[in-house]
Structure formats: C-alpha cells, structure tokens
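Take a look at the structure set out below.
Throughout, protein chains are lettered first and strands after them, A, B, ... in sequence-line order, and every chain is numbered starting at 1. Here the structure is a predicted model, which is why all the values come from computation and not from measurement.
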Protein chains: 2
Amino acid sequence: MSDKSSLDGLDARMLAVLQKDASLSVADLAERVASSPATCWRRLRALEADGVIGPPRRLVDPAAVGRGMDAFVQVRMKSQDAASRASFARAMEAESTIVEVYAISGDWDYLLHLLVRDIADLDDILMRRVLEQDCVAGTSTIFALRRVKHTAVVPV
Amino acid sequence: MSDKSSLDGLDARMLAVLQKDASLSVADLAERVASSPATCWRRLRALEADGVIGPPRRLVDPAAVGRGMDAFVQVRMKSQDAASRASFARAMEAESTIVEVYAISGDWDYLLHLLVRDIADLDDILMRRVLEQDCVAGTSTIFALRRVKHTAVVPV
DNA sequence: TAAAAAGTGAAATGCACATTTCACGTACGG
DNA sequence: CCGTACGTGAAATGTGCATTTCACTTTTTA
C-alpha cells in the first residue's frame, strides 16, 4: 500500500472523476476516461487494494445540518510527553465536532478544526473538551467568516 | 434546500452511515438504521434533493499519491476591496494544491490549507500563486507535523 | 531477437439492486 | 371525534450493472 509507483495517466484521470462523483457505472467511467470497462474495473479494484481510495461516501453539507460555522483553535501544551499526547489525542477523538487535529510547527502545538453550530457551541466544546484537559496550557481561536474555497479533492 | 426542519432521528442515523460508507445497498442501509428499504430510498432521495448530501465520492489518501504534507498559510491583504477579494479568490480556485481557503477573524485575513509534496513544493506554490498576487501583503506558514485526527464526517 | 509477463478490451453471463405499487397505520386540524 | 394527508413497509417488477472469460497487444527481460 501507499505504492505510488503504479499511478499512471489513466489512474490519475479515474481519480479525478471518482473524487468528484463515484455514482457512475464502471462503463460510464470508462467512457469518461477513454478506456474500457474491464480495465477500469481492474484499476478500481487495484486502487482500493492499495489503499489509494476508500469506499464511496456521501459527504454532508455542514450548513444544511446546522453546523455552518468553521472554527480553528490553536493549542499550547504544558508538556509534550507521551502520556499527555495520548490523552489529548483520545480527547480529540471523542469529540465529533472536532473534525481535524494537526500537530504543528511554530508557536503552538496543535491546530484544531471544528464544525460548530454557533459561538456558544464553540465555547462549550472549548471549555468542556479542550481547556478541561490538564495537559493544555492555553488556546487561541480563529473564526472563519466565510468559506472562500472548500474541496475534498486531492490533486493527482 | 438547507432545510433543517426535516432532520429526524432516522435521517441522522442514515447520514452517520452514509458519510462513512455509501457502498451499501438501500436494503442493507435500511437494516443498519432499523428501517425499511422503501423508506430509506425515499429519505435518501429527499436528502439529495434538499442538498444535504452530495453524490457518492471516492476520497483519495493524500499520502498514497505523494501529497503527504499538510501546510497552513495565513495571508494578510494590502486592501480588502471587492476587486482584490475577487482576484484573490480566482487565484485560489486556480491552484488545486490549495484545498481550502477561509476568510478569517483576527490578525490575518485568510487561512489556506494546502496538500503539498514537500517543502520545495510549498515554497513554489507560495511564491507563484500567493505572494505574486499584488493584493497580498504578507504570509505566515504553519507545517503539520502529524495528522492526529482527520475525518470528513460532519456531526449530525 | 525471441519468449515470458503484464495489461488491454469486446463480448457473454447472471444476479443483485433500485424503483414502484398498494394497503395500512398514524398524526394532525377542525 | 372524524376525515384528510402524510409517512411507512412488504412484496412484486424488470433491468442495469459488476464481473469473468478469452484472444490479442504491448512491454519487459534475458
């Protein structure tokens, strides 16, 4: 897996299509990428087996379910020992509102991406799931005023 | 569309499943959420029609295609007039490596999320697509050392 | 240059699956 | 308390589609 050696032009074209719409039949996909159904079917299975693509998924529009606000929270830790990191990671996993967590370079230790209902919601989660952690020293919050661009498409 | 009034428990259960795996047949989905195929099929179509969910998609693992590095770039603008914003937005759309762009509160004007091959790649895009813009005053880059959590699942 | 290995595509196969129908239960408004 | 309107689910329907086979082409390697 993670074997990039086998990514040729056809794979790239297939991925470009499938990242945007995986509802097409193998035959339709084949036509779009100028290949045959049999070949596309085999490539598709190979991409799955190699872990390049996951199962088909239905992404939800956050705004349509009342989670229209993006918030980013930078976190500084008191200490960075293994126990603290593990406990912090566990806390992050437990909160579904926190959709992404990165360990980062620079002044802060972590960057969190949250999908919240409103500011009150954010405050609640910040208090209850982040600041409560005794390994956390402090945080800084950034609100998104607007989504200028938002895509789940990885460039191939 | 964006009509949250109609989101009941069954819809929520369906969304929870479909966000993770939309490969199931309507019959299998029905079983998972304790409902009937006919009802699930109708709800599914309604969720599509309301714009709550998009078409099925195959998400790509960035690391598996040589885009294993997440970078975040904060951008400050010289001015925030409509022309600058539009031209900046256009530049962001044009670069597929920049997967997310938010207009943000705080010291900076924009937050960019990039999926890059390596630091050289990031530097190249920063120079060519961001700093070259004459509406851009300055930037600050944050590297992700590690993905602690990463999900495309919007909490329902 | 020849033989082996890997990939391709047209066509055949069968079955799983979306979609519809219909009768029924339930909630709501007057 | 009754009628309308809406959501439900079991069962029937046809067909669209994944999957395989096989002969062929291209690439590799010795």
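- Within the 4.5 Å cutoff, the side chain of B:Phe143 has heavy atoms near those of the B:Leu122 side chain.
- In terms of the ring-ring contact (aromatic ring centres under 6.0 Å, His included) criterion, residue partners of B:Phe72 (sequence neighbours excluded) are, by chain and number, A:Tyr102, B:His113.
- In this entry the distance linking CZ of A:Arg43 with P of D:dT19 reads 17 Å, nearest Å.
- With hydrophobic clusters built from ILVMFWY side chains whose heavy atoms lie under 4.5 angstrom apart, B:Val101 shares a cluster with B:Leu131.
- Among residues at least two apart or in separate chains, salt bridge (charged side-chain N to carboxylate O under 4.0 Å, His left out) pairs with a member in residues 10-36 of chain A are A:Asp11-A:Arg43.
- Here CZ of B:Arg58 is found 7.5 Å from OG of B:Ser23. Values are rounded to the nearest 0.5 Å.
- Contacts between residues 14-36 of chain B and DNA chain C, defined by a heavy-atom separation below 4.0 Å, involve B:Ser25, B:Val26, listed by number.
- Here salt bridge (charged side-chain N to carboxylate O under 4.0 Å, His left out) pairs that include residues 130-145 of chain A, with residues two or more places apart or in two chains, number zero.
- Looking at every heavy atom in both residues, B:Arg129 comes nearest to B:Gln133 through O-CG, 3.5 Å.
- Comparing the end axes of the helix from C:dT1-D:dA30 to C:dG30-D:dC1, each fitted to five base pairs by superposing C1' atoms of four pairs onto the next four, gives an inter-axis angle of 50° (nearest 10 degrees).
- If you walk DNA chain C from 5' to 3' and mark each nucleotide with an atom closer than 4.0 Å to a heavy atom of chain B, the marks span C:dC17 to C:dT20.
- In this structure, the side chain of B:Asp70 does not engage the main chain of B:Ala144 through any donor-acceptor pair within 3.5 Å.
- The CG atom of A:Leu126 sits 11.5 Å away from the OG1 atom of A:Thr97 when rounded to the nearest 0.5 Å.
- Contact annotation for A:Arg45: no contact, since no heavy-atom pair falls under 4.0 Å across all strands.
- The structure places CD1 of B:Ile104 at 5.0 Å from CD1 of A:Ile142, a figure rounded to the nearest 0.5 Å.
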